Amino acid sequence: MANLILHNQDCIEVMTSIEENSVDLILTDPPYNLGNFMRDRDTNLKKMRDNFFGSAGWDDLSFEEWEESMDRFFEESVRVLKHGGSMIVFMAIIKVESIIKIAERYGLYYKTTGIWHKLNPMPRNMNLHFVNSTETWIYFTYKKKTGTFNNDGKMIHDFIETAVASNGERRFGKHPTQKPVKLMEFFVNVLSNENDTILDPFMGSGSTGVAAIKNDRNFIGVELNEKYYNIARQRIEEVWE
Ligand SMILES: C[S@@+](CC[C@H](N)C(=O)[O-])C[C@H]1O[C@@H](n2cnc3c(N)ncnc32)[C@H](O)[C@@H]1O
C-alpha cells in the first residue's frame, strides 16, 4: 500500500522537515498571484477572486513578495528532490519567465513550457473577448537533463486537452482552481514510476494526491487553508482505502 502523508500547514515549514534527496516528482499548482492584477484592472473577475482567494495565501502579494515566496519554495524543492527527479509547476502564462529565472537560480534544468487547454471553460464575456481556456505548465529536471519519461516510444505533445474538473470530482466541496484528476494522472504516469514519491506543496483540493494514490505512488501533500485541506483529505483517503 502506498504511503500517504498530508499536512494542513504552510508548505515551506513542512518542506524544511522532509528528508533531502527523497522526492521523485514535485507536481504542483502554486498560487498565480493574480489578485492585485485583477483588482487594478477592475474587471468583473475581481469580485469572484475576492471571494475565492481571500484566505488562500500568496495571491495578493506584491510582485516582489511573491517572487521571494517562490524563491523559498524552489530552494526547498531542490533540497528534497532526488538527483534526476522532475518538477511540473502550473503557472499563468504571464509569469512563466519569472518562474524559469527563479528555478534556474537553484540549478533546475528547464525542459518545456506546455499548455493545458480546457475543453469546456467558463464562457465568461464570450462576446467581448477571447475566452480564457488555457494555463501553462513548466517542466524541469534536477541535476540531470533527462528524468523518468514513460512515453512507450510514442511522441507526446506539449499540449494537453481535458475537460475541467467535473461535479463528481467536487462532491466533497469546491476549490476555485481545482485541476481535473485526468490532467494530473497524465503527469504522474509519464514522469514517475510505481512506488515513487510525489510531493504537492500547494495541493488545494488534492487532485495530485488522488492521481498519485490511484496509480500506486507515495504521496506527500500540503495545504494551508483548512477548508481545502479537508476536501483534499476526504478525496485522497477515498482512493487510498
Ligand atoms: C492554485 S491552488 C491549487 C489547486 C489544486 N491544484 C487543486 O487541484 O485543487 C493553490 C493552493 O495553494 C494553497 N496555498 C497558498 N499558500 C500556501 C502555503 N504557503 N502553503 C501551503 N498551501 C498554500 C492555497 O490555499 C490554494 O489552495
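Note that the structure is predicted; figures quoted are calculated from it, not measured. All values below come from the heavy atoms of this structure, side chains included, with hydrogens, waters and symmetry mates left out. Each ligand, and each atom within it, is numbered from 1 in the order the structure gives.
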Whether Y142 and H83 hold their rings parallel, tilted or perpendicular, with breakpoints at 30° and 60°: perpendicular

Looking only at N/O atoms, are L224 and ligand 1 under 3.5 Å apart anywhere? yes

Looking at non-hydrogen atoms alone, which of K227, M15, E223 comes nearest to atom 25 (O) of ligand 1? E223

Hey, is Y228 touching ligand 1 through its side chain, its backbone, both or neither, going by heavy atoms under 4.0 Å? side chain

Among S205, P30, P176, A165, which residue places a heavy atom closest to atom 9 (O) of ligand 1? S205

What are the two closest heavy atoms between M87 and L81, and how far apart are they? SD-CD1, 4.3 Å

For ligand 1, is there an N or O atom under 3.5 Å from any N or O atom of C11? yes

Please find the pair of heavy atoms, one from R217 and one from S192, that lie closest to each other, and give the distance. NH2-O, 2.6 Å

Can you list the atoms of ligand 1 that are under 4.0 Å from a heavy atom of S207? 8 (O)

From atom 2 (S) of ligand 1, work out which of N33, L183, T177, V181 has a heavy atom at the shortest distance. T177

Which pair of heavy atoms, one from L224 and one from N8, lies closest together, and at what distance? O-ND2, 3.1 Å

Can we say E238 and R235 salt-bridge, meaning some charged N sits less than 4.0 Å from an Asp/Glu carboxylate O? no

For ligand 1, indicate whether the residue M184 contacts it via side chain, backbone, both or neither (heavy-atom separation under 4.0 Å). neither

Which ligand 1 atoms does P31 reach within 4.0 Å, using its non-hydrogen atoms? 15 (C)

What do you reckon, does N225 have a nitrogen or oxygen under 3.5 Å from a nitrogen or oxygen of ligand 1? no

Quick one: closest heavy-atom pair of S98 and W66, and the distance? CB-CZ3, 4.1 Å

Quick one: look at H175 and ligand 1, take heavy-atom pairs under 4.0 Å, and tell me if it's side chain, backbone, both or neither. side chain

Identify the heavy atoms of T136 and A92 that sit nearest to each other, and give their distance. OG1-C, 3.8 Å

In terms of relative ring orientation, are H175 and Y228 parallel, tilted or perpendicular, with 30° and 60° separating the classes? tilted

Per-atom filter on ligand 1: closer than 4.0 angstrom to a heavy atom of Q9 are 20 (N), 21 (C)

Does ligand 1 come near enough to Q178 that some N or O of the ligand is less than 3.5 Å from an N or O of the residue? no

State whether the shortest distance between N or O atoms of D200 and N or O atoms of ligand 1 falls below 3.5 angstrom. no

For E161, does the CD atom sit with more than 12 other heavy atoms under 6.0 Å from it, leaving out its own atoms? yes

Measure P201 to ligand 1 on non-hydrogen atoms and call it side chain, backbone, both or neither using the 4.0 Å cut-off. backbone

Before accepting this row, confirm whether a basic side-chain N of the pair K118/E135 lies closer than 4.0 Å to the acidic partner's carboxylate O. yes

